[in-house]
Amino acid sequence: MQNSRSATVRLPVMEHLRWRPTVNERDFIECALQSDLRVDGRHSFDFRKLKITFGREDGSSEVQLGETHVMGYVTVQLVQPYRDRPNEGTLAIFTEFSPMADPSFEPGRPGELAIELGRVIDRGLRESRAVDMESLCVVAGKHVWSVRVDLHILDNGGNLIDAANIAALAALSTFRRPECTVGGDDGQQVTVHDPEVRDPLPLTIHHMPIAVTFAYFGEGNIVVLDPTYKEEAVMGGRMTAIVNSNGDVCAIQKAGGEGVMSSVIMQCLRIASVKAADITSKIKKAVDSYTTEKALKKVKRLPTSVPQKINVTNVTMDGKGDGELEKQSVQMHSDVQQISKGTHILKELH
């Protein structure tokens with residue numbers, strides 16, 4: 001009874017911390033949308049400014065979509081595969097909602113939004129077979145690589161799903177797993193090599209499933225792309241379409257809200273296909289820039305053990321045989337002896 005009583009007290013506090021628009025603010029946002037205008041000046045089907053950066057280590061990315069800020073980080077470890085899929089590795093998505101990003105986020109146990117976000121991104125990546133799982137197999141039935149993607153929400157400015165999805169794809173594109181070899185008497189012993197010994201290997205990514213989120217207003221008659229934090233507080237429903245640059249629909253998520261006609265959904269899918277191609281090119285461009293910059297840094301870094309180049313005067317041997325060389329060495333030895341004798345005589349005179 002005490003636990004249930006404390007839970008009923010906590011929920012209204014969390015709801016109170018979430019921003020709620022007034023009647024005038026709600027009417028202003030809806031009236032502006034009816035005139036094809038948005039509070040931040042965008043058109044209905046425009047994304048906010050996208051910025052993709054990477055950390056010092058491979059597999060670390062930061063994405064800023066407007067005021068939304070998400071960080072992604074990828075790690076791997078060797079585990080036993082599932083019995084029904086002995087030749088495939090695993091991929092898992094974990095989300096962390098910090099109260100620093102939004103006062104309504106509770107620390108500790110993930111809420112409904114965190115669970116939904118993780119499931120949508122996981123479905124888009126795993127079920128569409130974007131990452132080659134068979135390439136993560138080391139020893140069938142014994143050892144496979146388990147890829148873990150951690151998504152940290154740093155600032156909630158709206159549309160967390162799209163920003164987190166881009167962060168996950170950018171981190172996976174730059175990640176490098178350690179190279180390993182199989183040996184031993186039974187051929188089951190796995191040796192994981194240090195990155196200094198053997199270069200790590202990138203993941204095999206077949207395509208990039210891009211999440212594109214639409215918000216519905218006015219009984220589904222008004223549709224906008226990439227809703228902001230304030231628009232999410234006013235919207236009547238939301239749909240996320242996960243599409244790749246080829247136009248293939250990988251997944252669709254409709255989380256309750258108002259109903260939408262099939263014609264509107266088809267229109268959203270066509271728009272999502274165009275936006276997915278644009279975002280894919282931006283991710284690839286950012287990854288290529290990061291890879292080129294890292295390669296240049298690697299070339300400029302010279303270890304201390306590298307031998308220095310010394311200019312030596314060319315020596316020609318003019319067909320001299322071994323006997324002639326021996327004569328030259330004997331002559332040099334006698335010259336050295338004479339010089340040492342002269343030096344000794346000079347010392348005695350002084």
Side-chain angles (χ1 to χ4, degrees), residues 52 54-55 57-65 68-82 84-85 88-98 101-102 105-137 144-156 158-177 202-213 238-244 248-255 276 279-280 283 287:
I52 304 174
F54 300 96
E57 298 181 359
D58 293 334
S60 175
S61 67
E62 288 189 22
V63 171
Q64 286 183 284
L65 185 61
T68 304
H69 194 182
V70 181
M71 183 178 69
Y73 192 75
V74 180
T75 55
V76 293
Q77 62 176 349
L78 286 174
V79 298
Q80 290 186 350
Y82 295 116
D84 56 341
R85 295 182 178 180
E88 296 183 4
T90 60
L91 175 65
I93 307 293
F94 293 88
T95 58
E96 180 181 352
F97 284 56
S98 172
D102 194 323
F105 294 161
E106 276 190 89
R109 188 174 183 178
E112 293 182 2
L113 183 59
I115 296 174
E116 178 189 4
L117 187 146
R119 287 179 178 177
V120 172
I121 297 177
D122 181 75
R123 188 191 312 168
L125 288 172
R126 273 197 311 114
E127 296 188 5
S128 65
R129 313 291 291 180
V131 181
D132 189 359
M133 295 299 177
E134 293 184 358
S135 64
L136 300 176
C137 178
V144 296
W145 288 110
S146 175
V147 181
R148 172 182 174 132
V149 183
D150 289 282
L151 299 172
H152 302 272
I153 310 301
L154 303 180
D155 196 358
N156 181 19
N159 195 12
L160 291 175
I161 294 178
D162 293 7
N165 179 77
I166 296 173
L169 290 173
L172 288 170
S173 300
T174 59
F175 179 72
R176 301 290 185 271
R177 66 170 179 83
L203 299 177
T204 303
I205 301 177
H206 298 300
H207 63 93
M208 290 191 177
I210 305 297
V212 182
T213 300
R238 179 181 61 194
M239 185 189 76
T240 300
I242 302 179
V243 189
N244 59 18
D248 301 326
V249 179
C250 303
I252 295 179
Q253 172 76 7
K254 178 69 169 64
I279 294 177
T280 300
I283 295 175
V287 171

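Worth knowing before you read on, the calculation uses all heavy atoms, side chains too, and leaves out hydrogens, waters and symmetry mates. Remember, predicted model here, so these are calculated numbers, not experimental data. Heads up: numbering here begins at 1 and tracks the sequence.
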Enquirer: Testing the basics here: between I283 and A170, what is the closest heavy-atom pair and its distance to 0.1 Å?
Expert: CG2-CA, 4.4 Å
Enquirer: Restricting to non-hydrogen atoms, name the atom on F54 and the atom on V287 that form the minimum distance, rounded to 0.1 Å.
Expert: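 Shortest heavy-atom separation between F54 and V287 comes out as CZ-CG2, 3.9 Å.
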Enquirer: With rounding to the nearest 0.5 Å, note down the distance linking CG in D162 to CG in L117.
Expert: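 Answer for the CG-CG pair, D162 versus L117, is 9.5 Å.
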Enquirer: Going from CG on D155 to CG on L160, what distance comes out if it is rounded to the nearest 0.5 angstrom?
Expert: 9.0 Å
Enquirer: Working to the nearest 0.5 angstrom, can you tell me the gap between I279 CD1 and L65 CG?
Expert: 7.5 Å
Enquirer: Can you measure from NE2 (H152) to OH (Y73) and round to the nearest 0.5 angstrom?
Expert: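 Taking NE2 in H152 and OH in Y73, the distance rounds to 9.5 Å.
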Enquirer: For the CD1 atom of I93 and the CZ atom of R148, what is their distance to the nearest 0.5 Å?
Expert: 10.0 Å
Enquirer: For residues A130 and H207, report the shortest heavy-atom separation together with the two atoms involved.
Expert: CB-O, 3.5 Å
Enquirer: Measuring only between side-chain heavy atoms, which start at C-beta, is V79 closer than 4.5 Å to Q77?
Expert: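 Yes - at least one pair of side-chain heavy atoms lies under 4.5 Å apart.
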Enquirer: Whether the side chain of T95 engages the backbone of L151 through a donor-acceptor N/O pair (distance < 3.5 Å, no angle test) should be reported.
Expert: no
Enquirer: Heavy atoms, side chains only, cut-off 4.5 Å: are L172 and V147 in contact?
Expert: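 With C-beta onward as the side chain, the pair touches.
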Enquirer: Taking the side chain as every heavy atom from C-beta outward, state whether H206 and D132 have any atom pair closer than 4.5 Å.
Expert: yes
Enquirer: Where do T68 and G158 come nearest, in terms of heavy atoms and distance?
Expert: OG1-O, 2.6 Å
Enquirer: What are the two closest heavy atoms between I242 and V120, and how far apart are they?
Expert: CD1-O, 3.4 Å
Enquirer: If I compare all heavy atoms of R123 with all of Q253, which pair ends up nearest, and what's the gap?
Expert: NH2-OE1, 3.2 Å
Enquirer: Taking P209's backbone N and O only, do any of them form a donor-acceptor pair with D248's side chain (distance below 3.5 Å, no angle check)?
Expert: no
Enquirer: Is any side-chain heavy atom of L169 closer than 4.5 Å to one of L125?
Expert: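 The answer is yes, as the side chains (C-beta and beyond) meet within the 4.5 Å cut-off.
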Enquirer: Tell me, do V212 and V243 make a side-chain contact under 4.5 Å, heavy atoms counted?
Expert: no
Enquirer: Step by step, work out the salt bridge (Lys or Arg N to Asp or Glu O under 4.0 Å) result for E88 and R129.
Expert: CA-CA 11 Å; E88 296 183 4; R129 313 291 291 180; 3.2 Å; yes
Enquirer: Would you say T213 and R238 make side-chain contact, with heavy atoms under 4.5 Å?
Expert: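 They are in contact (side-chain heavy atoms under 4.5 Å apart), so the answer is yes.
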Enquirer: I would like to know whether L136 and L203 meet side chain to side chain contact (heavy atoms under 4.5 Å, CB included); could you show each step before the answer?
Expert: CA-CA 8 Å; L136 300 176; L203 299 177; 3.8 Å; yes
Enquirer: Could you check M133 against L91 for side chain to side chain contact (heavy atoms under 4.5 Å, CB included), going step by step and ending with a plain yes or no?
Expert: CA-CA 8 Å; M133 295 299 177; L91 175 65; 3.2 Å; yes
Enquirer: So do T174 and V74 actually touch side chain to side chain, heavy atoms under 4.5 Å?
Expert: no
Enquirer: What distance separates L154 CG from S98 OG, expressed to the nearest 0.5 Å?
Expert: 7.5 Å
